[in-house]
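Below is one structure, written out as structure tokens; the observations come after it.
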Amino acid sequence: MIRICIVIAGIFLLIGCGDDRQVPRPRGYPKIEYPVGDSVVYNVPNCPFTFQYPSYAEIQDKKESCWFDIFMPAFNARIHCSYLPLKSTAEYNDLVRDAFVIANKINERANYMEESRITNPQGVGGLLLNWTGPAASPVHFFVSDTTAHFFKAALYFDSRVQPDSLAPIVTFIKEDIDKMISSFAWKR
């Protein structure tokens with residue numbers, strides 16, 4: 001009886017140790033620490049607009065007037081912002097056309113593009129573009145009064161585009177972009 005138990009145990013031991021295949025571990029992603037903070041008002045004297053942006057972000061000025069980045073070091077992300085004064089309706093139409101040329105280039109790689117009209121309580125209007133999938137920039141928007149002012153912004157990450165791992169961060173930043181849009185106003 002003891003010999004039979006030893007033989008059976010030996011057989012199980014040989015069967016259990018015979019497979020050298022390695023099973024891969026599931027992918028792991030780093031924990032995301034979302035910053036907390038209030039909103040800060042962007043109000044520069046030489047720029048004809050104001051809006052609110054998150055206090056955890058930094059404004060990085062460009063050399064051109066009213067061109068700047070809202071840098072978010074916690075996410076290694078930035079919102080490229082630019083303002084252009086309008087001289088004619090044709091110039092406005094050209095800027096809108098340019099925005100759609102860029103959108104179509106991004107849309108070549110993305111899975112889906114969603115357009116939303118912008119109208120905020122201050123009477124500012126424009127268009128918000130959101131992409132899902134491997135888009136170089138997941139969010140763009142522009143606002144204008146169609147006669148004198150045109151402001152555009154685009155979210156970019158200073159890292160390789162990996163939509164599955166960036167999706168929660170994009171969702172978080174979209175809330176800040178929505179606040180930026182809803183608080184945007186032209187100076188009178």
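Atoms considered below: every heavy atom in the structure, side chains included; atoms not considered: hydrogens, waters and symmetry mates.
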Side chain to side chain, Arg3 and Met1, heavy atoms closer than 4.5 Å: no

Side chain to side chain, Phe75 and Pro35, heavy atoms closer than 4.5 Å: yes

Validation row: Pro134, Asn111 side chains within 4.5 angstrom (heavy atoms): yes

Criterion side chain to side chain contact (heavy atoms under 4.5 Å, CB included) on Cys81 and Phe151, from CA distance to verdict: CA-CA 7 Å; Cys81 301; Phe151 179 88; 3.6 Å; yes

Met72 vs Tyr53 side-chain heavy atoms within contact, under 4.5 Å: no

Min side-chain heavy-atom separation Tyr112-Asn107 under 4.5 Å: no

Arg78 side chain reached by Gln60 side chain, heavy atoms, under 4.5 Å: yes

Ile59 reachable from Phe141 in the ILVMFWY side-chain graph, under 4.5 Å edges: yes

Same apolar cluster (I L V M F W Y, side chains within < 4.5 Å links), Ile177/Val36: no

Side chain to side chain contact (heavy atoms under 4.5 Å, CB included) between Cys66 and Phe49, worked out: CA-CA 9 Å; Cys66 299; Phe49 54 84; 4.2 Å; yes

Pro138 vs Leu166 side-chain heavy atoms within contact, under 4.5 Å: no

Side-chain hydrophobic cluster, 4.5 Å single linkage: members besides Leu95: Trp67, Leu84, Leu86, Tyr92, Val96, Phe100, Ile102, Ile106, Met113, Leu127, Leu129, Trp131, Phe142, Phe150

Show me the donor-acceptor pairs within less than 3.5 Å that the side chains of residues 181-188 make with the rest of the protein, sequence neighbours left out.
{"residue": "Ser182", "atom": "OG", "partner": "Asp178", "partner atom": "O", "Å": "3.2"}
{"residue": "Ser182", "atom": "OG", "partner": "Lys179", "partner atom": "O", "Å": "3.2"}
{"residue": "Ser183", "atom": "OG", "partner": "Gln52", "partner atom": "N", "Å": "2.8"}
{"residue": "Ser183", "atom": "OG", "partner": "Lys179", "partner atom": "O", "Å": "2.9"}
{"residue": "Ser183", "atom": "OG", "partner": "Met180", "partner atom": "O", "Å": "3.3"}
{"residue": "Lys187", "atom": "NZ", "partner": "Asn43", "partner atom": "OD1", "Å": "2.8"}
{"residue": "Lys187", "atom": "NZ", "partner": "Val44", "partner atom": "O", "Å": "2.7"}
{"residue": "Lys187", "atom": "NZ", "partner": "Cys47", "partner atom": "O", "Å": "2.9"}

Over all atoms of both residues, closest heavy-atom pair of Ala110 and Thr132: CB-O, 3.5 Å

Audit row: Ile118, Val143, side chain to side chain contact (heavy atoms under 4.5 Å, CB included) steps and yes/no: CA-CA 8 Å; Ile118 295 172; Val143 291; 4.2 Å; yes

Distance (rounded to the nearest 0.5 Å) between Asp176 CG and Ile79 CD1: 7.0 Å

Connected via hydrophobic side-chain network under 4.5 Å: Phe71 and Val40: no

Worked check of ring pair (Phe, Tyr, Trp, His ring centres under 6.0 Å) between Phe51 and Tyr42: CA-CA 5 Å; Phe51 62 84; Tyr42 181 87; 5.0 Å; yes

Considering all heavy atoms, the nearest Asn130-Val139 contact: OD1-CG2, 3.5 Å

Tyr34 reachable from Phe157 in the ILVMFWY side-chain graph, under 4.5 Å edges: yes

Any donor-acceptor N/O pair, Ser137 side chain to Leu155 backbone, under 3.5 Å: yes

Ring pair (Phe, Tyr, Trp, His ring centres under 6.0 Å) between Tyr83 and His149, worked out: CA-CA 7 Å; Tyr83 165 78; His149 306 291; 5.7 Å; yes

Atom pair OH/CG of Tyr156 and Asp158 - distance to nearest 0.5 Å: 11.5 Å

Backbone of Asp38 reached by a side-chain donor or acceptor of Ser55 within 3.5 Å: yes

Identify every side-chain donor-acceptor pair in residues 167-175 under 3.5 Å, counting partners at least two apart or on other chains, and give the distances.
{"residue": "Thr171", "atom": "OG1", "partner": "Ala167", "partner atom": "O", "Å": "3.0"}

